[in-house]
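Here the structure comes first, spelled out in structure tokens, and everything after it is commentary.
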Amino acid sequence: MPIPVNRTPVRVRIAPSPTGDPHVGTAYIGLFNAAFARHHGGQFILRIEDTDQKRSTRQSEEAIYRSLRWIGLQWDEGPDVGGACGPYRQSERGAIYREHTQRLLDNRTAYRCFCTAERLDHMRAAQRAAKLTPRYDGFCRDLDPKEGARRAQAGEEHVVRLRMDQDGETFVPDALRGTVVYDNRQMDDQVLLKSDGLPTYHLANVVDDHLMAITHVIRAEEWLNSTPKHLALYAAFGWEAPVFVHMPLLRNADKSKISKRKNPTSLEFYQRAGILPEAMLNFLMLMGYSRKDDAGADLEKFPFDAFVSDLDLCRVSLGGPVFDLKKLDWLNGLYLRAMPPAELAERELAFLREDDRQASIAQLVQERVTSLGDYFDHAGTFYAGLCDAGLQARYFLIGCCSKKKNAVQLDRARSKLFFEDAIARLEAAPTWQPEPIEAALRAAIEAAGVLVGDGMMAIRVAISGRTASPPLYESITALGRSVSLVRLRAAAGLLGEERMLQDALAAAEAEVDATRRALQVAADAAQAKPVAPTSTLAEA
RNA sequence: GCCCCGUUAGUCUAGCGGUCAGGACACGGCCCUCUCAAGGCUGGGACAGGAGUUCAAUUCUCCUACGGGGCACCA
């Protein structure tokens, strides 16, 4: 059963919220939306959902544009490119939401609620204690609308809630799952307009999708459970609802929803790690989807255009795909190897040239460099993603490799806590500059009660993969926030693994053994043949 | 706790009543080779469990288990 197309042109959108780093999940959903639009000759819209004033930032918004452009997704309408249905930034559509809220107030499908946060907190606590689904108890539901309007007029702080049906069932048609049935008694009277006058996601999303003539809502599965609310909103406005397609969630190796704690989620990380955008996009196409060649074998490497031309969303598989970095690396290598050497060289140079950390990296490496070529030996770590810290992992056990007599050693669990604390402090740093970074690290070290040198060494190894590196704070600054945090999280993750200590020590021993063996072989060789065989070079 | 979604090897997937359960990453072996990659060949490895429907279930239905998501004045 194909995805129904009830209206044309097909119009789809992604609506990322600009809070934090541009997310790989945004690119994933964006990819399927963009491809679906292209497949049907429709439009793909980028809308910025910045109704959360506390968390939204302009830098994050800019970063989203950069990363989506990097990966090769193009939108037909958006805040930066304009379009007929603007503005495309929800913070600029306040009047539209207020007007629409009034319509719902007028037709009684919504009501004003004057309950305080404290009352709601108590209510939910009581419901939880009674093992009930926490939901609004309807205290203001039957308030006289005139009374509500009067109190609102008087400036009393309040929100607007959607009046949901209290019994019966809601049928949610999902293009991939069939009809999902919800008991209306589970549904909450969702807040539509917050007390700051801005809409919640639910309201803004429905109003904008309608006004922007969105025909298909292709979004992540985490939204499935709120679709009944959205359907109720479409009904309240008397609008036709779009077709809903809920995509599976990208997962960590442990199958939980992909998160920065357990995976690099920032697109910027992949860009800096030297992943080609086309490989990244291709890899995302493989998540929950597959194409076959004539022999019936799965295709792995194919371009966006091919993906578009035979895209059939119904074939998306619903099991949450684990984001496997190993396979991404392999695919990336496939692309790299398929290039004409001249193109690879050009891409390589462009990769370096376009990196905005260039100057600061050069400054750090400069003091150590002996030739232009030698530069790469020192700078290499800045152009990689995860560094191979495996051999040095023993340094993550804080103090265990310390040569100092008064060293304080931390066990695995405590070392992990130290890393997590350091990460939290770095994340909270006001700016990504040497001073706040140093302050954060020193604070973490002091809290852990270990020697400064030992703590810094652990961080150094996690950051650079080596025990010798340019100055740490400057290196972290130059490396950049996204990559630095990923590497530190990787170190913390390693400490969380049972076998980490054994592996690290085994690796260390292997290292020593290998050296010893090499020396032995050399010594044996010298013994066996004290006189070097004919050395033509020497004689010549 | 309640509700919803899902479940083919460690991972990504094909399969839409009868297949030797196909491909890919990863892993092992062999070949190629000055090394390392790459490449070629090759090996091990999967239908979560239980009922039912059927001549026949990986495939359809139900139950259980497990995994995930949701239950905000966050999206």
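Below, chain A is the first sequence line, B the second, and so on; all start at residue 1.
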Rounding to the closest angstrom, what is the interatomic distance between [N] and [M] at atom [atom1]?
| N | M | atom1 | value |
| --- | --- | --- | --- |
| B:C2 | B:C60 | P | 28 Å |
| B:C5 | B:A37 | P | 48 Å |
| B:A9 | B:G23 | C1' | 13 Å |
| B:U11 | B:A26 | C1' | 8 Å |
| B:G39 | B:A75 | P | 47 Å |
| B:U53 | B:G45 | C1' | 32 Å |
| B:C20 | B:U7 | P | 25 Å |
| B:G50 | B:A57 | C1' | 14 Å |

task: Could you note down all residue pairs passing salt bridge (charged side-chain N to carboxylate O under 4.0 Å, His left out) where residues 25-37 of chain A supplies at least one of them, sequence neighbours left out?
output: none
- line: Here the salt bridge (charged side-chain N to carboxylate O under 4.0 Å, His left out) pairs for residues 189-205 of chain A, sequence neighbours left out, are A:R141-A:D189
field: Residue pair A:L249 / A:P321, side-chain heavy-atom distance below 4.5 Å
entry: no
query: Quick one: is B:C3 close enough that its OP1 or OP2 comes under 4.0 Å of any side-chain N or O from A:R185?
result: no
Listing time: all N or O pairs from protein to nucleotides 4-7 of chain B that are below 3.5 Å?
from: B:C4; atom 1: O2'; to: A:Y182; atom 2: OH; distance (Å): 3.2
from: B:C5; atom 1: O2'; to: A:R177; atom 2: NH1; distance (Å): 2.9
from: B:C5; atom 1: O2'; to: A:E221; atom 2: OE2; distance (Å): 2.7

Please determine, for [N], whether a Watson-Crick or G-U wobble partner exists with both distances under 3.5 Å, and give it or none.
| N | answer |
| --- | --- |
| B:C16 | none |
| B:G6 | B:C66 |
| B:G45 | none |
| B:A51 | B:U61 |
| B:A26 | none |
| B:C71 | B:G1 |

statement: Within residues 307-314 of chain A, the residues having a heavy atom closer than 4.0 Å to RNA chain B are none
Do any N or O atoms from the side chain of [X] and from the backbone of [Y] form a donor-acceptor pair under 3.5 angstrom?
| X | Y | result |
| --- | --- | --- |
| A:Y28 | A:M287 | yes |
| A:S226 | A:W223 | yes |
| A:N332 | A:G274 | yes |
| A:D208 | A:Q90 | no |
| A:Y136 | A:C140 | yes |

Side chain to side chain donor-acceptor pair (under 3.5 Å) against A:R98, all qualifying residues, sequence neighbours excluded: none
statement: Taken in chain and number order and not counting sequence neighbours, the residues that satisfy side chain to side chain donor-acceptor pair (under 3.5 Å) with A:K257 are A:E222
message: Please check if the number of heavy atoms outside A:F351 that lie under 6.0 Å from its CZ is greater than 12.
response: yes
task: Take A:R112 and A:E147 through the test salt bridge (charged side-chain N to carboxylate O under 4.0 Å, His left out) and record every step on the way to the result.
output: CA-CA 10 Å; A:R112 295 183 206 272; A:E147 168 74 0; over 6 Å; no
d([atom1], [X]; [atom2], [N]) in whole Å:
| X | N | atom1 | atom2 | value |
| --- | --- | --- | --- | --- |
| A:Q186 | B:G1 | CD | C1' | 11 Å |
| A:R291 | B:C12 | CZ | C1' | 16 Å |
| A:F283 | B:U13 | CZ | C1' | 12 Å |
| A:D167 | B:C3 | CG | C1' | 17 Å |
| A:M164 | B:C3 | CE | P | 17 Å |
| A:N263 | B:C12 | CG | P | 12 Å |
| A:H246 | B:G70 | NE2 | C1' | 11 Å |

I'd like a table of atom pairs between the protein and nucleotides 72-75 of chain B - only N or O on both sides, under 3.5 Å - with the distance next to each one.
from: B:C73; atom 1: OP1; to: A:R124; atom 2: NH2; distance (Å): 3.1
from: B:C73; atom 1: OP2; to: A:R124; atom 2: NH2; distance (Å): 3.3
from: B:C73; atom 1: O2; to: A:S195; atom 2: N; distance (Å): 2.8
from: B:C73; atom 1: O2; to: A:S195; atom 2: OG; distance (Å): 2.7
from: B:C73; atom 1: N3; to: A:S195; atom 2: OG; distance (Å): 3.1
from: B:C74; atom 1: OP2; to: A:K194; atom 2: NZ; distance (Å): 3.2
from: B:C74; atom 1: O2'; to: A:D52; atom 2: OD2; distance (Å): 3.0
from: B:C74; atom 1: O2'; to: A:R55; atom 2: NH2; distance (Å): 3.2
from: B:A75; atom 1: OP1; to: A:T51; atom 2: OG1; distance (Å): 2.9
from: B:A75; atom 1: OP1; to: A:K194; atom 2: NZ; distance (Å): 2.7
from: B:A75; atom 1: OP2; to: A:Y201; atom 2: N; distance (Å): 3.2
from: B:A75; atom 1: O3'; to: A:E49; atom 2: OE1; distance (Å): 2.6
from: B:A75; atom 1: O2'; to: A:S17; atom 2: OG; distance (Å): 3.4

query: Taking the six-membered ring for Trp, are A:F244 and A:Y234 parallel (under 30°), tilted (30 to 60°) or perpendicular (over 60°)?
result: perpendicular
So which protein nitrogen or oxygen atoms get under 3.5 Å of nucleotides 40-43 of chain B's nitrogens or oxygens?
none

task: Using a 4.0 Å cut-off on protein heavy atoms (strictly under), produce a 5'-to-3' string for nucleotides 21-34 of chain B with B for base contact, S for backbone-only sugar-phosphate contact, and - for none.
output: -BBBSS--------
query: ring-ring contact (aromatic ring centres under 6.0 Å, His included) with A:H378: which residues, sequence neighbours excluded?
result: none
- prompt: Touch check for A:G288, heavy atoms < 4.0 angstrom, all strands: base, sugar-phosphate only, or nothing?
  reply: sugar-phosphate
- request: Apply the test side-chain contact (heavy atoms from CB on, under 4.5 Å) to residues A:L46 and A:R13: give CA-CA distance (whole Å), side-chain angles for both, the deciding distance (0.1 Å), then the verdict.
  value: CA-CA 6 Å; A:L46 175 64; A:R13 56 36 172 204; over 6 Å; no
task: Would you confirm whether the ring centroid of A:Y201 sits within less than 6.0 angstrom of the ring centroid of A:Y97?
output: no
message: Show me the pairs that pass side-chain hydrogen bond (donor to acceptor under 3.5 Å, both in side chains) and involve residues 308-319 of chain A, at least two apart or across chains.
response: A:Y289-A:R315, A:R291-A:D310
statement: The side chain to side chain contact (heavy atoms under 4.5 Å, CB included) partners of A:A35 (sequence neighbours excluded) come to A:F304, A:F307, A:V308, A:L311
